[in-house]
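Just so we're on the same page: letters track the sequence lines, and every chain starts at 1.
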Amino acid sequence: MPHSAFFEYLLRLGDNALILGHRLSEWCGHGPILEQDIAMTNIALDQVGQARSLLQYAGQVEGKGRTEDQLAYLRDVGDYRNVLLVEQPNGDFAHTITRQFLFDAFNYFQFEALKQSSDEHLRAIAAKSFKEIAYHLRYSSEWMIRLGDGTEESHQRMQAALEDLWMFSGELTEVTEVDELMLETGVAPDLRSIKKLYDEKVAAIVQEATLVLPADTWMQSGGKTGQMHSEHLGFILAELQFVQRAYPGMEW
Amino acid sequence: MDPKQKALAEQFQARIDADEKIEPKDWMPDAYRKTLIRQISQHAHSEVVGMLPEGNWVTRAPSLRRKVALLAKIQDEAGHGLYLYGAAETLGIDREELLEELHTGKAKYSSIFNYPSLSWADMGAIGWLVDGAAIMNQVMLTRTSYGPYARAMVRICKEESFHQRQGYEILLTLCRGTEAQKQMAQDSLNRWWWPSLMMFGPSDEASTHTQQSMDWRIKRKTNDELRQQFVDATVPQADFLGLTVPDPDLKWNEARGHYDFGEIDWAEFWNVVKGNGPCNRQRMQARIKAHEEGAWVREAAMAYAEKRQKRQEERKAAVA
């Protein structure tokens with residue numbers, strides 16, 4: 001297996017966790033209910049924690065001595081490998097929950113499969129992360145249903161969020177060259193089979209939430225290959241990296 | 001006062017004097033109840049408003065390890081808010097009413113959170129000084145006369161002392177770092193020192209609530225006693241960091257066995273309490289915005305719970 005492809009793959013996993021964790025952390029102190037503030041912070045904590053393990057490992061695999069912080073704080077937009085979905089703004093709580101659900105449903109099946117990865121270290125990370133992700137999926141699914149089937153207003157907000165975000169769901173299971181290489185070496189699952197599980201799960205929850213999946217949506221991708229991120233990522237990095245960029249090379 | 005009331009009041013005071021805990025269902029004077037609601041809710045609001053100046057740096061934490069620690073700390077504070085709202089609710093008021101009082105300015109919260117967090121070092125200073133000052137007060141409150149409040153405090157104190165060490169460690173790292181980092185730490189101490197001393201409230205002569213609260217053993221030390229205790233504990237810590245406490249009058253008094261320190265700017269203290277601090281308006285706006293923008297979420301959650309219950313009942317009826 002080419003080293004660079006495995007490094008690339010680990011960056012995808014790590015960057016997804018980091019950027020979504022970062023987005024959720026923007027809610028900290030501003031949640032709609034104190035209990036949900038705590039729950040979102042909890043998920044953010046899990047995700048940043050996962051990002052740390054994954055980026056540490058990515059640095060090790062790369063073999064250039066880069067640490068988790070160097071990878072998180074010193075790469076620019078073009079070197080980030082997260083999917084477009086996770087960099088989308090929080091919007092209202094409906095958008096945050098929908099983004100979370102669309103990601104969690106994918107991440108759940110992805111990490112369930114990664115528990116059987118041919119790579120031992122990744123297997124260990126996956127085993128720990130999967131428990132957390134299973135909770136995330138339960139949380140976001142419950143809120144999809146609760147808000148979709150809540151009041152007229154909440155239903156409309158959820159439907160609007162689904163329409164805004166669905167176009168970023170295709171990229172999650174899009175098969176790229178890196179994915180093919182990971183599949184060949186048994187590192188990662190076949191995204192085609194994950195897609196089947198994903199579509200079923202999403203359809204079931206969306207239906208229970210009394211929502212409707214948008215039909216014939218153009219699926220935008222470009223995040224996980226780094227070809228084309230959205231305009232949002234630059235602002236996320238501007239905040240995330242501010243201290244490290246303003247005071248380079250220091251210990252914090 | 002009618003004789004029956006008088007007897008109850010005497011009995012109540014006797015229990016307090018015997019250091020018994022008062023529990024929610026026990027008889028208590030109205031004024032005791034009101035004082036506790038005021039104090040516990042103020043404390044709960046402080047935890048929640050206090051999330052804002054720290055939340056301000058979550059997205060800019062300088063390492064992933066620091067980001068995780070800061071998130072966890074703020075989450076603890078939200079948790080403290082929850083236990084404290086819970087403790088206040090045992091006195092017969094609900095969270096919605098308490099929030100209403102906060103948002104309309106009727107209820108207060110700790111003025112310290114009306115100061116801005118301007119640098120990463122502030123995450124250190126808030127943990128070290130603000131949590132440090134809070135701990136002085138809270139350790140005393142673990143022995144407060146109202147049972148649910150005392151028990152909430154035991155839990156809170158454990159977490160707060162962890163936060164304080166974490167804050168101190170942030171500053172220690174800066175002070176062992178570059179000149180720019182040390183300067184950042186000093187600047188932060190300069191801004192947070194006096195507001196931290198103000199956290200103990202007005203001086204004993206000016207405090208309207210102290211005597212009654214002491215008699216009821218809600219408080220067990222006066223504001224000035226706690227403030228002195230804080231100064232005595234904190235100055236050596238500043239020395240260890242190599243930072244200068246911004247008080248020219250600060251010096252060890254061998255005879256008293258305490259540090260003497262300069263006069264607090266009480267005009268600033270009262271001005272911020274009245275609403276004229278650097279961030280009072282913005283803090284309240286942030287809380288109100290979160291609450292108002294969350295209204296549809298709370299309504300939907302309620303509506304869904306009702307629907308679900310109704311469906312379950314219908315299903316049961318169909319089976320029966």
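- Side chain of B/N280 to backbone of B/G277: a donor-acceptor contact under 3.5 angstrom is found.
- Applying the side-chain hydrogen bond (donor to acceptor under 3.5 Å, both in side chains) test between A/S140 and each of A/D104, A/T98, A/T96 identifies A/D104 as the sole match.
- Using a 4.5 Å cut-off between heavy atoms, A/I145 touches chain B through backbone and side chain atoms alike.
- Interface residue B/V48: only side-chain heavy atoms are found under 4.5 Å from chain A.
- Only the side chain of A/R157 comes within contact range of chain B, with heavy atoms under 4.5 Å apart.
- For B/I74, the part lying near chain A is the side chain, with the backbone staying farther off; criterion is any non-hydrogen pair under 4.5 Å.
- Checking side-chain atoms of A/R23 against main-chain N and O of A/N90 turns up no donor-acceptor pair under 3.5 Å.
- The contact between A/W143 and chain B is made entirely by side chain atoms (from C-beta outward), counting heavy-atom distances below 4.5 Å.
- The parts of B/R60 that come within reach of chain A are both its backbone and its side chain, each placing non-hydrogen atoms under 4.5 angstrom from that chain.
- For chain B, no part of A/A238 is nearby; none of its heavy atoms comes within less than 4.5 Å.
- For B/T59, the parts lying near chain A are the backbone and the side chain together; criterion is any non-hydrogen pair under 4.5 Å.
- At a 4.5 Å heavy-atom cutoff, the contact between B/R95 and chain A is made by side-chain atoms alone.
- Proximity to chain A is limited to the side chain of B/L52, based on heavy atoms less than 4.5 angstrom apart.
- Taking chain A as the reference chain and counting heavy-atom pairs below 4.5 Å, the highest number among B/A295, B/G50, B/S63 is found for B/S63.
- Heavy atoms closer than 4.5 Å to chain A are found in the side chain of B/L174, but not in its backbone.
- Looking at B/A180, only its side chain comes within 4.5 Å of chain A, counting heavy atoms on both sides.
- Taking the ring axis of A/Y80 as reference, the NZ or CZ atom of A/R75 stays within 45° of it and closer than 6.0 Å to the ring centre.
- Between atom CD of residue A/E132 and atom CZ of residue A/F111 there is a gap of 9.5 Å, rounded to the nearest 0.5 Å.
- Nearest approach of B/Q164 to B/G132, heavy atoms of both residues: NE2-CA, 3.5 Å.
- Contact annotation for B/R287: only side-chain heavy atoms (C-beta onward) come within less than 4.5 Å of a heavy atom of chain A.
- Looking only at atom types and distance, the side chain of B/Q285 has no donor-acceptor partner in the side chain of B/H103 under 3.5 Å away.
- With a threshold of 4.5 angstrom between heavy atoms, A/Q244 approaches chain B through side-chain atoms but not through N, CA, C or O.
- Between the side chains of A/H229 and A/E87, at least one donor N or O sits under 3.5 Å from an acceptor N or O.
- Using a 4.5 Å cut-off between heavy atoms, A/D37 contacts chain B through its side chain alone, with no backbone atom that close.
- If you take CG on A/L45 and CD1 on A/I38, they are separated by 11.5 Å, rounding to the nearest 0.5 Å.
- Atom CD of B/Q237 sits about 8.0 Å away from atom CG of B/L241, to the nearest 0.5 Å.
- For the pair A/H136/A/D46, a side-chain contact is recorded, criterion being any heavy-atom separation below 4.5 Å from C-beta on.
- Interface remark: A/Y73 contributes side-chain atoms only to the contact with chain B (heavy atom separation under 4.5 Å).
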